[in-house]
> 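Before I ask anything, here is the structure I am working with.
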Amino acid sequence: MGIVAWLVLGLLAGAIAKAILPGRDPGGCVGTTLIGVAGAFLGGWLSSEFLDRPVQREFFDAATWGSAVVGALVLLVGYRLVFGNSRDR
């Protein structure tokens, strides 16, 4: 998959992660989107390095999507833990 496909996958993974973990995030919509893109890259890398599941060249591979969403969830939870819920007001 190319960079553009990973960006699209990351945007969608961020939206799915946000739907799974509702609530206000310190970075808002833009921050969540960037976390989704970074999570897609992180999930793909972790999947290929540690789970011996290389990223497929196909956009609609379930393992690729799963690793991207899990990566986005991990980063979103970490982001909330580090920066807190500063948008309570």
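Counting from 1, the numbers follow the sequence of the chain as shown.
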> Under the side chain to side chain contact (heavy atoms under 4.5 Å, CB included) rule, what do L21 and R80 come out as? Steps first, then yes or no, please.
CA-CA 11 Å; L21 291 173; R80 286 182 181 180; 3.8 Å; yes
> Are V77 and V74 connected into the same hydrophobic cluster when the rule is that any two of I, L, V, M, F, W, Y join if their side-chain heavy atoms are below 4.5 Å apart?
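No, because V74 and V77 fall into different hydrophobic clusters, even though each may have its own neighbours under 4.5 Å.
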> Supply the atom-to-atom distance W65 CH2 to I16 CD1, rounded to the nearest 0.5 angstrom.
5.5 Å
> Hey, what do you get for CG (L42) to CD1 (I35), rounding to the nearest 0.5 Å?
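Separation between the atoms: 12.0 Å.
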> Same hydrophobic cluster for F41 and L11, using side-chain heavy-atom links shorter than 4.5 Å among ILVMFWY?
yes
> Return the minimal non-hydrogen interatomic distance between A72 and A13, and the atom names on each side.
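For A72 versus A13, the nearest heavy atoms are CB-O, 3.9 Å.
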